[in-house]
Protein chains: 2
Amino acid sequence: MSTKPKPPSADRALHLEQFLPYRLNVVGFFASRGLGRVYGTRFGIGIPEWRVIAQLGEFGQLTSRDIGELSQMHKTKVSRAVAELDKRGLVTRAENRADRREAFVALSAAGLRLYAQIVPLALAFEERWIEGISADELRVFERVLAVLTERGRHLAGAYQTEEA
Amino acid sequence: MSTKPKPPSADRALHLEQFLPYRLNVVGFFASRGLGRVYGTRFGIGIPEWRVIAQLGEFGQLTSRDIGELSQMHKTKVSRAVAELDKRGLVTRAENRADRREAFVALSAAGLRLYAQIVPLALAFEERWIEGISADELRVFERVLAVLTERGRHLAGAYQTEEA
DNA sequence: CCTGATTAGTTACATGTGAAACTAATGTCA
DNA sequence: TGACATTAGTTTCACATGTAACTAATCAGG
């Protein structure tokens, strides 16, 4: 991550297909869309629902607030996703008796079974996607991606996120 | 891009915050949101409109079909964006007399002025974003990104895209 | 305590979106 | 030439989403 003497940045031309923000958005869209097909068509759930399930599967019990923060989703999106999963019996909600504004959400038995089914598909999707890229390149890629994500969070004004 | 002997891929755990599709979608969202603020707040245009302007600024004259293909946007999105820009006098439309189904869209004088104003802001945004990342790392990053984008296009089922 | 500010979560509303249906023009092939 | 398929672009419809307003509970600090 060493700095480099940058050109004066004056009047370069803009080529959209090389423009990083554009490229990142396009690849992010493909990620979302591709993965959405994997579990959307098979299990009939959308991306927000998937994110909720993923977080609960990983952390066990969370409040909606936690889920939103961890998975970068707006609170209304979380609210609706949790309500939908609740309706389908995939999660349980238990009021926190120490703070009755919030509720602990967790996967139900059926939710856990679904999670166990989805995870291998998600990992397989990821593997097929990065197949053939060397470990070295991938390491660099992920490091840069982390920097861009963190900086992007600030440039974007942080807040809540979208699909995938 | 050399291949590597992969682990059996069997029962790894899933960690959403390290899951590539998720990470790419998040960073793509930040890109879109951040850039959208740059010209959205200043010029009152949205992301689809920006993409249309960017393509026209780069290529001069295009049909809506071309714009959609170049900027990865659904034809209905292009249609609405062009209509909006037309309404504001930022583009002109001229029926192709050799094929009267399509029309050539181009930036008007006002559109060109707007383009000239936006481009430096967009490039500055990009520069601030990648500031401090070494040229070597950036090169690797962009190469991997290109591979992921191309493969993602197929995994997602191709088609039309979104914001940024 | 008790009033005002804050927080978790939901709901109402306006907007943006894609799928599908549609219109009009062109291409195909007999 | 004439019927059928295809293509550019628009419009309709249903749905997902963010903003803002709202409810209910907790916190701060006088």
Tightest non-hydrogen contact, residues A/T92 and A/S108, listed as CG2-CB, 4.1 Å

Using whole Å, report how far CD of A/E69 lies from C1' of C/dA8.
13 Å

With a non-hydrogen cut-off below 4.0 angstrom, is B/A83 in contact with a base, only sugar-phosphate, or nothing?
nothing

When the distance from CZ of A/R93 to P of C/dA8 is rounded to whole Å, what number comes out?
16 Å

With the threshold set at 4.0 Å, does a side-chain nitrogen-carboxylate oxygen contact exist between A/R143 and B/E137?
yes

Take atom CG of B/N96 and atom P of D/dA8, then tell me their distance rounded to the nearest Å.
12 Å

Residues touching DNA chain C, which here means a heavy atom under 4.0 Å, drawn from residues 54-67 of chain A
A/T63, A/S64, A/R65

Could you tell me the separation between the CD atom of B/Q72 and the C1' atom of C/dG18, rounded to a whole number of Å?
15 Å

Do A/R33 and B/L155 make a side-chain contact, defined as non-hydrogen atoms from C-beta onward lying under 4.5 Å apart?
no

Could you tell me which non-hydrogen atom of A/L148 sits nearest to which non-hydrogen atom of B/W129, and how far apart they are?
O-NE1, 3.0 Å

Pairs under 3.5 angstrom, nitrogen or oxygen only, protein versus nucleotides 19-25 of chain D, please.
| unit_1 | atom_1 | unit_2 | atom_2 | d |
| --- | --- | --- | --- | --- |
| D/dA25 | OP1 | A/R100 | NH2 | 3.4 |

Nucleotide C/dT17, atom P - distance to CE of B/M73 in whole Å
9 Å

Residue set satisfying salt bridge (charged side-chain N to carboxylate O under 4.0 Å, His left out) with B/E150, at least two apart, ordered chain then number -> B/R153

Do you know the tightest heavy-atom contact between A/L56 and A/A106?
CD1-C, 4.1 Å

Which whole-number value in Å describes the distance from B/L70 CG to D/dA8 P?
13 Å

In whole angstroms, how far is the C1' atom of C/dG18 from the CZ atom of A/R37?
12 Å

Could you check how far CD of B/E84 sits from P of C/dT15, rounded to whole Å?
12 Å

Does a side-chain N-to-carboxylate-O contact under 4.0 Å join B/E84 and B/R80?
no

With respect to the phosphate group of D/dA16, does any side-chain polar atom (N or O) of A/K77 fall under 4.0 Å of OP1 or OP2?
no

Considering just the side-chain nitrogens and oxygens of A/S79, establish if one lies under 4.0 Å of OP1 or OP2 belonging to C/dG9.
no

So, are A/E102 and A/R93 salt-bridged, with charged N and O less than 4.0 Å apart?
no

What are the two closest non-hydrogen atoms of A/A31 and B/P21, and how far apart are they?
CB-O, 3.5 Å

